[in-house]
Asks: 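The structure is given below, and queries will be raised subsequently.
In what follows, every chain begins at residue 1, and chains take the letters A, B, ... in the order their sequences are listed. Note that this is a predicted model, so its numbers are computed, not measured.
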Number of protein chains: 2
Amino acid sequence: MTPSTERAPGTSHRAAPEHANLDEVRLETALLALADPVRQTLVRALAEAGDWERPCGSFDVPVTKATLSRHFAVLREAGLLEQRDAGPRRLNRLRRPEFDARFPGLLALVLAD
Amino acid sequence: MTPSTERAPGTSHRAAPEHANLDEVRLETALLALADPVRQTLVRALAEAGDWERPCGSFDVPVTKATLSRHFAVLREAGLLEQRDAGPRRLNRLRRPEFDARFPGLLALVLAD
DNA sequence: TAGGGTGTTCGCCGACGAGCGAACACCCTG
DNA sequence: CAGGGTGTTCGCTCGTCGGCGAACACCCTA
């Protein structure tokens, strides 16, 4: 009698990553998240790719996977990233409409740079 | 025969502060400058005041004048601030149109926050 | 010209963030 | 069920940044 624990094929038992509530994200958090050049690279790559297309390890950035994992956490906390587990991989989606609604024009500046 | 060294009354001989060329300001520099809460306070106060209205010492921020001076330098380097000496004081102007042209919408986000 | 007001510069300190390797957890396939 | 692949967490180091006081430079007025 725990139907909520059932899962679709390919779904994970891992603890789902916590995603930020955009209303609670402070401007300072967003600016700091987007100021880092590695995170800018990730955001631009995500914008060019489709949703849920790219797993964490598929980005060409000059850092180890430990550092990369931390960068993804920062982007999540800033409301820029949504993650979903698919088997052993963690797929990513840029939360563009939500983020644009909260901070209009900010993401566009990074993508245009 | 050095007419360029003449000066209007109230004008200073002090070395004028260097102002950034907006074209050369990187997005990262602008984001980092605007991410600091003290600098956000300064920018908002400058936006409410008129150009050349407020000297450096007239802002209500909880830092010493040494730290404040450093914050102004950061804002200058980010292309957000223009300064002019008037007697013993240094008056400030928010470079809003220039900055808006270089980073559309960014300043508005800070002012609206 | 002496002095008070304004702002900058110089060291120094403490906090924070990005970086790494190692260890761990989880998933899928052989 | 053993192992390779993927990603996170932990502890640590190091550089950068914000903060301060002290000293200095400059301007105006008494």
Asks: Measuring from B:Leu46:CG to B:Arg96:CZ, what's the distance to the nearest 0.5 Å?
Replies: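 The CZ atom of B:Arg96 is 11.0 Å from CG of B:Leu46, to the nearest 0.5 Å.
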Asks: Check the phosphate of C:dT8 against B:Arg90, side-chain N and O only, distance under 4.0 Å to OP1 or OP2. Yes or no?
Replies: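 For C:dT8, OP1 or OP2 has a side-chain N or O of B:Arg90 closer than 4.0 Å.
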Asks: Would you say a side-chain N or O of A:His71 is under 4.0 Å from OP1 or OP2 of C:dG17?
Replies: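 So the side chain of A:His71 is outside the cut-off, no N or O lying under 4.0 Å from OP1 or OP2 of C:dG17.
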Asks: Rounded to whole angstroms, how far apart are CZ on A:Arg70 and C1' on D:dC12?
Replies: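 One finds 16 Å between C1' of D:dC12 and CZ of A:Arg70, rounded.
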Asks: What's the spacing between A:Leu94 CG and A:Leu75 CG if we round to 0.5 Å?
Replies: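 Between atom CG of A:Leu94 and atom CG of A:Leu75 there are 8.5 Å.
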Asks: How many angstroms lie between atom NE2 of B:His71 and atom CG of B:Leu68, to the nearest 0.5 angstrom?
Replies: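 It comes to 7.5 Å.
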Asks: Of the candidate nucleotides D:dG19, D:dT8, C:dG21, which contains the atom at the shortest distance from the side chain of B:Val63?
Replies: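 The nucleotide sitting nearest to the side chain is D:dG19.
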Asks: Please determine which of A:Glu82, A:Gln83, A:Arg54 meets the side chain to side chain donor-acceptor pair (under 3.5 Å) test together with A:Asn92.
Replies: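 That would be A:Gln83; it is the only one of A:Glu82, A:Gln83, A:Arg54 passing the side chain to side chain donor-acceptor pair (under 3.5 Å) with A:Asn92.
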Asks: Give the rounded distance in Å between these two atoms: CZ of A:Arg54 and C1' of D:dT6.
Replies: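 Roughly 15 Å, once rounded to whole Å.
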Asks: Below 4.0 angstrom from OP1 or OP2 of C:dA18, is there any side-chain N or O of A:Thr67?
Replies: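 Negative; the distance criterion is not met.
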Asks: Would you kindly give the CD-to-P distance between B:Glu18 and C:dG7, to the nearest whole Å?
Replies: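 B:Glu18 atom CD is separated from C:dG7 atom P by 20 Å.
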Asks: Roughly how many Å is it from CZ in B:Arg84 to C1' in C:dT6, rounded to a whole number?
Replies: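 Rounded to the whole Å, the gap is 18 Å.
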Asks: Expressed in angstrom and rounded to an integer, what is the separation of A:Leu81 atom CG from D:dG7 atom P?
Replies: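 Result: 12 Å.
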Asks: To the closest 0.5 Å, what do you measure between CG (B:Asp51) and CG (B:Leu91)?
Replies: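 If we round to the nearest 0.5 Å, B:Asp51:CG and B:Leu91:CG are 10.5 Å apart.
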Asks: May I ask you to list the residues of residues 24-40 of chain A, by number, that have any heavy atom positioned under 4.0 Å from an atom of DNA chain D?
Replies: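 The answer is none.
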Asks: When you get a sec, tell me which of C:dG7, C:dC20, C:dT8 is the closest nucleotide to the side chain of B:Pro55?
Replies: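 Nucleotide nearest to B:Pro55's side chain: C:dG7.
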Asks: Between atom CG of A:Leu31 and atom CG of B:Leu109, what is the distance when rounded to the nearest 0.5 Å?
Replies: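 Here the rounded value is 7.5 Å.
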Asks: For the side chain of B:Gln83, starting at C-beta, report the closest nucleotide among D:dG7, C:dT8, C:dG7.
Replies: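 Side chain of B:Gln83 sits closest to C:dT8.
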Asks: Nearest whole angstrom, please: distance from the P of C:dC28 to the CG of A:Leu91.
Replies: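 In whole Å, C:dC28 P lies 12 Å from A:Leu91 CG.
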Asks: Measure NZ/B:Lys65 against P/D:dC24 and give the value in whole Å, please.
Replies: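 It works out to 13 Å between those atoms.
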Asks: By side-chain contact (heavy atoms from CB on, under 4.5 Å), which residues pair with B:Ala101, not counting sequence neighbours?
Replies: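 Counting only residues at least two positions away or on another chain, B:Ala101 forms no side-chain contact (heavy atoms from CB on, under 4.5 Å).
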Asks: When you measure from the side-chain N and O atoms of B:Ser69 to the phosphate of C:dG7, is any distance below 4.0 Å, counting only OP1 and OP2?
Replies: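 False: B:Ser69 side-chain N/O out of range (4.0 Å or more) of C:dG7 OP1/OP2.
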Asks: In whole angstrom, what separates A:Leu68's CG from D:dT8's C1'?
Replies: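 A:Leu68 atom CG is separated from D:dT8 atom C1' by 11 Å.
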